[in-house]
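Counting convention: from 1, in listed order, for ligands and their atoms alike.
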Amino acid sequence: MSRTGTCLLVLVLIGFSLKAQTNKPATIPHLEKHGTATQLIVDGKPMLMLAGETGNSSASDLKYLDEIWPKIEKMNLNSLLVPVYWELIEPGEGKFDFTLVDGAINGARKHNIKLVFLWFGTWKNSMSCYAPFWVKINQEKFPRARDAQGRAQEILTPFNNENLNADKKVFSELMKHIRMVDADYHTVVMVQVENEIGMIPDSRDHSKEADRAFNANVSAELLQYLEKNKESLTPELRKAWGDRGFKTSGTWEEIFDKGPLTDELFMAWYFAKYTNAVAEAGKKEYTLPMYVNAALIRPGYKPGQYPSAGPLPHLFDVWKAAAPAIDFLSPDLYFKNFAEWVTKYDRPGNPLFVPEASNAQSMANAFYAIGPLNAMGYSPFSIESLEHPENNQVTKAYDVLKQLTPLILANQGKGTMTGALLDSANQKAELKLGDYVFTVSHEYSWPYATRADGETPRFGCMIIMVSPNEYYIAGRGVIVTFQTVAGDGSIAGIGTMDEGRFVDGKWAPGLRMNGDQSHQGRHLNLNGNTFSIQKVQLYRYK
Ligand code: DGJ
């Protein structure tokens, strides 16, 4: 080899070894773009989280937690959201005890389950109930938020550095510990920072420190963000700012006017700054993806009546501006208008994850979030309280989603998936995908369907295109008919239709669905009794 050739080779090898070193952090669970979607990457592969969240107290006793694992496995979960409690990991100031954390990690490993830790630190559902006793009794050092009458609340104020430093310290110790025990295993894949942050019972904190910040100028950092993102701001924020002439300096009330929305914007900025500082301190020790969750707003509630200033849709810009160390904002979905709320969190720059959903509501919601909205996971709350883990609706839904996981992950963010959620208010959806329009109707709209008594159930499906004429349709309780989009008078026909399962990632067709099962070739029907998959091959005729 010539001298130049040898030099080049040496340079390439140096470059390669440096790259290998700088690439090392990529082996930590992290987020990666996949088309328009963002996926969680664990051990170099995308992971779809078929998750559940335990009840709040369930991880405070390892005997209790140990009894949960078999149930979790039976329900086809691959991940569990588990609280970590400040009061129990730092029982005395500076004295750390990670027994519960280690117990959760060991239990998860034994059962091949990944963990998302929920940091119940300064705030849990607005309150500071998980602050250790030594924090609660030292109000001089760790001051509280106050209502408009000056009454102290069981809420640590975000306007105080002692509060922040105490949380940063314990959270960074937690992340350091996770790194020490888990960096080679990746059992813990994400962390939620705090839980359902929000101000209540007033729209803002009225402590002395809060008043001082409220009467000071709005941070230039926020105003610069608003200017830079003026065209894409949430309508509420843009209006509040625009109504007073898009001012670029002044106090909160000078810029946004007096009122509850301004109180909320102000609190959101300081909650988000505080949470960002906690997340940053933790990420310095171990850079797992970190997110926050929001308690949503009940109809008609005003700021102060609901946990205000949390990571809510109308406050997105403030949270994004203040908290770059938080990878995404996510909704806790207990309301019936699931589709409406979940869509508000499916935004450019905000990967979707549903960390809490009502375990009583239909698992069709999971299909909707994960398919058309590309969510990286779904998690019913208080998962261990569900009866009949061998065959309840979570078990059945996750059985189907587990089979479909490779296909879903390959198609997320590529524009090759769609889907619908149907109930009594929304009985039909028309969805265009590839060369066809799919009309998806609630099964009950078909006169021959078997109906259960009571409220019309929520049904739904996801549709995945694998080639221009081939589609998998999965879910429950839908009737699907097909039209072409060609505009040449051609009619869509059902070539073949099979129900089946994916076995080791390969489609294994079962029954050929024809005759009564397809209404003599007129439609596809996913039965309302359970979750299932069918593959349909379409063609055109004139
Ligand atoms: C939402 C909270 O985030 C959970 O910790 C729990 O309190 C549930 N609400 C209870 O419904």
Side-chain angles (χ1 to χ4, degrees), residues 49 51-61 64-65 68 72 77 79-89 100-101 104 115-131 153-156 167 171 174 190-201 268 271-272 274-275 278-279 290-299 301 305-313 315 319 326 328-338 341-342 344-345 352-363 365-366 369 375 377-387 394:
M49 279 183 284
E53 179 169 325
T54 68
N56 289 165
S57 300
S58 311
S60 62
D61 176 358
Y64 184 92
L65 194 61
I68 292 179
I72 299 303
L77 274 73
S79 40
L80 191 65
L81 279 61
V82 175
V84 175
Y85 318 96
W86 184 6
E87 61 176 339
L88 295 182
I89 68 165
L100 292 173
V101 172
L115 288 178
V116 175
F117 276 139
L118 312 173
W119 174 231
F120 286 6
T122 301
W123 299 296
K124 157 73 175 70
N125 297 30
S126 305
M127 306 296 283
S128 296
C129 48
Y130 285 98
Q153 305 297 308
E154 190 82 88
I155 300 174
L156 292 171
D167 196 334
F171 188 66
L174 170 65
M190 272 199 324
V191 177
Q192 178 189 290
V193 190
E194 316 293 344
N195 188 86
E196 291 196 350
I197 296 163
M199 193 61 211
I200 210 160
F271 273 142
Y274 185 109
T275 310
V278 173
M290 294 190 186
Y291 70 94
V292 286
N293 63 333
L296 304 179
I297 307 171
R298 282 175 201 284
Y301 278 41
Q305 293 172 322
Y306 61 82
S308 316
L312 286 160
L315 304 168
W319 271 87
I326 297 296
F328 55 90
L329 318 177
S330 60
D332 288 349
L333 279 154
Y334 291 85
F335 299 152
K336 285 195 175 161
N337 50 346
F338 180 92
W341 277 108
V342 78
K344 292 180 201 245
Y345 282 80
L352 183 63
F353 175 59
V354 180
E356 286 183 47
S358 157
N359 67 19
Q361 278 207 33
S362 166
M363 285 296 285
N365 291 344
Y378 186 87
S379 169
F381 179 70
S382 189
I383 191 76
E384 74 273 26
S385 64
L386 287 176
E387 307 252 319
V394 171

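When atom types are taken as modelled, the side chain of S382 and the backbone of E53 share no donor-acceptor pair closer than 3.5 angstrom. Panel note: side chain W319, backbone G310; a donor-acceptor pair is recorded below 3.5 Å. Under the 3.5 Å distance criterion, the side-chain polar atoms of Y130 are left unmatched by any main-chain donor or acceptor of E194.
Of the residues F120, W119, Y274, the one that meets the ring pair (Phe, Tyr, Trp, His ring centres under 6.0 Å) test with F171 is W119.
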Considering only N or O atoms, set out every pair between ligand 1 and the protein closer than 3.5 Å, with distances to one decimal place.
from, atom 1, to, atom 2, distance (Å)
ligand 1, 3 (O), N195, ND2, 2.8
ligand 1, 3 (O), E196, OE2, 3.3
ligand 1, 3 (O), E356, OE1, 3.2
ligand 1, 3 (O), E356, OE2, 2.6
ligand 1, 5 (O), N56, ND2, 2.9
ligand 1, 5 (O), K124, NZ, 3.0
ligand 1, 7 (O), N56, OD1, 3.4
ligand 1, 7 (O), K124, NZ, 3.2
ligand 1, 7 (O), N125, ND2, 3.1

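Listed here is the closest heavy atom pair of L77 and A51: CD2-C, 3.4 Å.
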- CA sep, side-chain torsions, deciding dist, call: F381, S358, side-chain contact (heavy atoms from CB on, under 4.5 Å): CA-CA 6 Å; F381 179 70; S358 157; over 6 Å; no

